[in-house]
Amino acid sequence: MPEQAAASTHLPPQNHLGDLQNALLDWFAANQRRLPWRVNYTPYEVWISEVMLQQTQMERGVSYFNRWMQRFPDIATLAAASEEDVLRQWEGLGYYSRARHILTAARKIMAEHGGVFPSELEAIRGLPGVGPYTAGAVASIAFGEKLPCVDANVERVIARIFDVDSPVKQNPAAGIIHRWALRLVPDGRSREHNQAMMELGALVCGKKPRCAECPLARFCISLHLGITDQRPVPGKRATITPVNAVTGVLRCGNRIFVQKRPPAGVWGNLWEFPGGRVEPDESPEQATVREFMEETGFAVRVAAQHGIIRHGYTTYRLTLHCFGLEFDSADAPDSQITPPQPPLLSAATEARWVTPQDLDALAMPAAHRKLADKLFAIGKDSAVAANTAAPRQANLPLKKP
DNA sequence: TAGTCGTGGCA
DNA sequence: TTGCCAAGACT
């Protein structure tokens with residue numbers, strides 16, 4: 001069985017290209033979702049939305065975006081904010097370097113671009129956290145530059161329409177897709193076109209394509225060949241490793257011990273309860289006591305079982321055993337006095353003893369936030385705490401207009 | 001270039 | 001329950 005012919009041999013006549021562009025634009029005009037960043041198309045809003053939506057589902061992005069714009073309505077306000085505040089707004093979205101990069105970029109815009117978002121592609125690309133995709137997206141969607149945006153949606157749409165028969169993330173497929181993406185952008189309509197390509201990928205040409213509803217069905221080579229389920233060709237899969245870990249909530253009086261993770265690595269600059277992996281031949285309780293000693297120098301003992309939290313990641317599946325802890329009797333301080341600072345801090349840059357209410361202001365990894373909510377939820381809806389928290393879940397209705 | 005970096009939804 | 005994966009960038 002011969003391989004499918006290379007995509008380049010399937011070039012449709014030029015007039016078909018125009019038909020395809022028009023069919024897509026018409027479909028988008030009638031079917032696009034109403035989204036908050038599709039109102040004014042300011043560069044700031046387009047930028048933030050694009051970064052928020054990286055590796056993130058639309059429905060979740062919308063509620064975070066609205067809250068973000070309330071809190072940081074413009075670049076100057078954002079640039080003046082603390083990283084702590086920015087991370088707290090980002091909490092739950094994951095990939096926290098995106099938030100740190102956004103803050104750094106905002107300050108760079110204030111310092112080097114007079115507080116005005118740059119319109120030149122090279123300057124946009126020079127902002128931290130802005131890669132080829134985001135630069136193209138902002139330049140085309142906010143400034144109308146004739147550039148393609150190639151994200152996973154667009155890769156999928158193009159791979160199906162033009163029957164790209166090798167893994168889309170690698171060459172030669174990546175190059176073929178880029179050339180098609182560029183060729184497809186119509187003059188003067190790049191804003192609508194690029195969003196339309198992504199919207200089509202999100203609403204119609206998804207993992208399970210709904211070809212009966214697709215405005216581009218008559219142009220689609222893989223549909224005609226009956227192989228839409230084989231496009232795009234997937235790349236190498238990551239293996240998911242199960243990880244058994246522990247964490248402990250050390251309490252002293254009404255205070256709780258938390259530490260701030262280092263800037264580099266996973267959950268950079270987020271606050272957490274100390275903990276770590278369970279070693280072979282070690283019980284979760286033993287692991288917790290050992291980790292506390294290694295990370296803080298505190299001698300603790302298990303005082304309560306707080307159950308198990310399961311949390312999935314791209315490459316790990318975490319089973320987190322959670323415990324309530326108290327100081328081991330030997331060095332137990334008087335609970336009425338201020339708890340002691342840790343003798344050492346090997347896995348963090350800062351430590352604090354906080355009240356349950358204080359936890360609300362700290363950005364924490366999702367699994368630790370789940371635990372905190374479980375332990376300290378009582379009283380949470382009572383006025384005080386209710387407000388600064390980032391949205392814990394996004395369930396904005398996204399009806400078509 | 002191949003890992004790393006989160007999270008929640010979905011089948 | 002498990003695997004897959006969504007508007008990527010950085011190292």
Side-chain angles (χ1 to χ4, degrees), chain A residues 32-33 35 37-38 45-65 87 90-102 104-105 124-138 140-142 148-157 167-171 174 181 194-203 205-208 232 234-243 261-270 272 309-320 363-370 390-395 398:
Chain A
Q32 66 172 296
R33 289 170 288 188
L35 298 170
W37 50 87
R38 287 181 179 164
E45 289 180 325
V46 173
W47 168 46
I48 296 300
S49 69
E50 290 299 339
V51 178
M52 276 190 175
L53 281 128
Q54 290 169 14
Q55 306 292 288
T56 301
Q57 286 160 344
M58 174 75 75
E59 287 74 7
R60 306 196 64 235
V62 172
S63 57
Y64 276 88
F65 178 87
L87 285 173
W90 201 268
E91 185 190 284
L93 273 179
Y95 291 126
Y96 297 94
S97 62
R98 291 183 294 171
R100 296 193 301 270
H101 284 318
I102 282 177
T104 307
I124 297 171
R125 180 69 178 82
L127 297 172
V130 175
Y133 165 76
T134 305
V138 178
S140 65
I141 297 172
C149 316
V150 181
D151 71 333
N153 287 308
V154 176
E155 284 173 351
R156 190 169 54 251
V157 169
V168 292
K169 300 286 184 192
Q170 304 159 26
N171 281 322
N194 283 333
Q195 294 187 90
M197 288 287 284
M198 294 189 277
E199 196 83 332
L200 187 73
L203 298 182
C205 194
K207 191 176 176 182
K208 271 186 66 178
K236 211 176 136 191
R237 303 189 175 101
T239 52
I240 297 176
T241 314
V243 171
R261 299 178 59 89
V266 67
W267 300 315
N269 287 352
L270 269 65
E272 66 171 8
I309 290 176
R310 291 192 167 79
H311 199 72
Y313 297 79
T314 309
T315 51
Y316 296 104
R317 182 172 19 261
L318 182 66
T319 302
L320 188 66
M364 304 178 77
H368 289 244
R369 178 63 70 188
K370 282 183 197 171
R392 296 284 157 73
Q393 54 182 4
N395 47 13
L398 282 170

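Residue numbers start from 1 in every chain, and the chains themselves are labelled A, B, ... in the order their sequence lines are given, proteins ahead of strands.
Among the heavy atoms of the strands lying under 4.0 Å from Val130(A) are primed sugar atoms or P, OP1, OP2 only; no base atom is included. Across all strands, Ala366(A) comes closer than 4.0 Å only to sugar-phosphate atoms, never to a base (heavy-atom distances). Within 4.0 Å (heavy atoms only), Arg261(A) reaches no atom of the nucleic acid at all. No contact: Trp47(A) has no heavy atom under 4.0 Å from any strand. When heavy atoms are screened at a 4.0 angstrom cut-off, Gly201(A) is found touching no nucleic acid atom at all. Using a 4.0 Å heavy-atom criterion, one finds that Pro132(A) contacts the sugar-phosphate atoms exclusively. Here Arg156(A) lies in heavy-atom contact (under 4.0 Å) with sugar-phosphate atoms only.
In this view, Ala196(A) and Leu24(A), Phe28(A) satisfy the side chain to side chain contact (heavy atoms under 4.5 Å, CB included) rule, not counting sequence neighbours. In this structure Ala181(A) satisfies the side chain to side chain contact (heavy atoms under 4.5 Å, CB included) test together with Pro148(A), Val150(A), Ile158(A), sequence neighbours excluded. For Arg317(A), the salt bridge (Lys or Arg N to Asp or Glu O under 4.0 Å) criterion is met by no residue, not counting sequence neighbours. Listed by chain and number, the residues in a side chain to side chain contact (heavy atoms under 4.5 Å, CB included) with Ala137(A) are Glu50(A), Tyr133(A), Ile141(A), Cys149(A) (sequence neighbours excluded). Under the side chain to side chain contact (heavy atoms under 4.5 Å, CB included) criterion, Tyr313(A) pairs with Trp267(A), His311(A), Tyr316(A), Leu318(A), sequence neighbours left out.
Note: NZ (Lys169(A)) to P (dC5(C)) measures 10 Å, nearest angstrom. Put simply, CZ on Arg317(A) is 15 Å from P on dG8(B), counting in whole angstrom units.
Closest to the side chain of Ile240(A), from the set dC10(C), dG3(C), dG8(C), is dG3(C). In this structure, of dA9(C), dG6(B), dG9(B), it is dG6(B) that holds the atom nearest to the side chain of Tyr313(A). Nearest to the side-chain atoms of Arg98(A) among the listed nucleotides dG6(B), dC4(C), dA9(C) stands dG6(B).
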Contacts under 3.5 Å, N or O only, protein and nucleotides 1-5 of chain B:
none

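Residues Arg38(A) and Gln195(A) have side chains that bring a donor and an acceptor to within less than 3.5 angstrom of each other.
Between Glu50(A) and Leu127(A), the residue whose closest nucleotide on DNA chain C is further toward the 5' end is Glu50(A). Each of Lys208(A) and Met364(A) was matched to the nucleotide of DNA chain B holding its nearest heavy atom; the match closer to the 5' end belongs to Met364(A).
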